[in-house]
Amino acid sequence: MKEPPLRAAIIPVTPLQQNCTLIWCTATMRGAFVDPGGDLPRLKCAATQSGVTVEKILLTHGHIDHCGQAGLFAEQFGVPIEGPHEADRFWIDRLSTDGQKYGIDGRAFEPSRWLNDGDEVTVGELTLGVRHCPGHTPGHIVFHHAPSQLALVGDVLFKGSIGRWDFPRGNHQQLIESITTRLWPMGDDTAFVPGHGPMSTFGHERRTNPLVGDAALAV
Ligand SMILES: [Zn+2]
Ligand SMILES: [Zn+2]
């Protein structure tokens, strides 16, 4: 059997059990950590065990559990940070204060590259699309690898739920629109890794999600 071009391993990190995902290009064995919020030794171990050379960090949004230690990781691995969208700068600026609440040594940082809707990022020989999905945070983005029918959606959508919209600059209507106009078009068969909890597919959520499923939005 031919090896798929992209492989992924989910490693829950921080006291908030955030799904950090190591994705890698099987042709080059070069990879990226998506949302390495903390637990650096465990992540290093996961990369070594998979035989992956980490070449960058990708971030979905500026919350502490997703990127509290991303700056530190970037320094230690000597790799660039790409994402999120610049509208999340105010979240990144308060990582050190927010970290104290959750027992995470949070540090502010400046990404090497802010991302916008329609941008592309590369990992080894793979190219992933970037969609801007505000609502949970204003600068939240989602990564999509169309050939693998896989999306990394952070805290936009969960299996059976959606992200919180009650944080500063959160917006419920915007969140619903991000999901229905930017995630659903990726296709029912597309699987997604949420920021917390188990994976699902967009089709399953359209059929069953009580907050954003087709039936919930029809009323
Ligand atoms: Zn979040
Ligand atoms: Zn989260």
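Because only heavy atoms are used, hydrogens play no part in the values below, and waters and symmetry mates are left out as well, while side chains stay in. Counting starts at 1 for both ligands and their atoms, in listed order.
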Quick check: do E125 and R30 have side-chain heavy atoms less than 4.5 Å from each other?
no
So if you build clusters from Ile, Leu, Val, Met, Phe, Trp, Tyr with side-chain heavy-atom gaps below 4.5 Å, do W91 and L16 land together?
no
With a 6.0 Å cut-off (strictly less than), is the heavy-atom count around CZ of R89, excluding the residue itself, greater than 12?
yes
In terms of ring plane angle, is the pair H196 and H66 parallel, tilted or perpendicular, where the classes change at 30° and 60°?
perpendicular
Does L43 reach the side chain of V54, with side-chain heavy atoms less than 4.5 Å apart?
no
Given H132, H136, H85, the one that forms ring pair (Phe, Tyr, Trp, His ring centres under 6.0 Å) with H61:
H136
Restricting to distances shorter than 2.8 Å, give the number of protein N, O or S atoms close to the Zn ion (ligand 1).
4
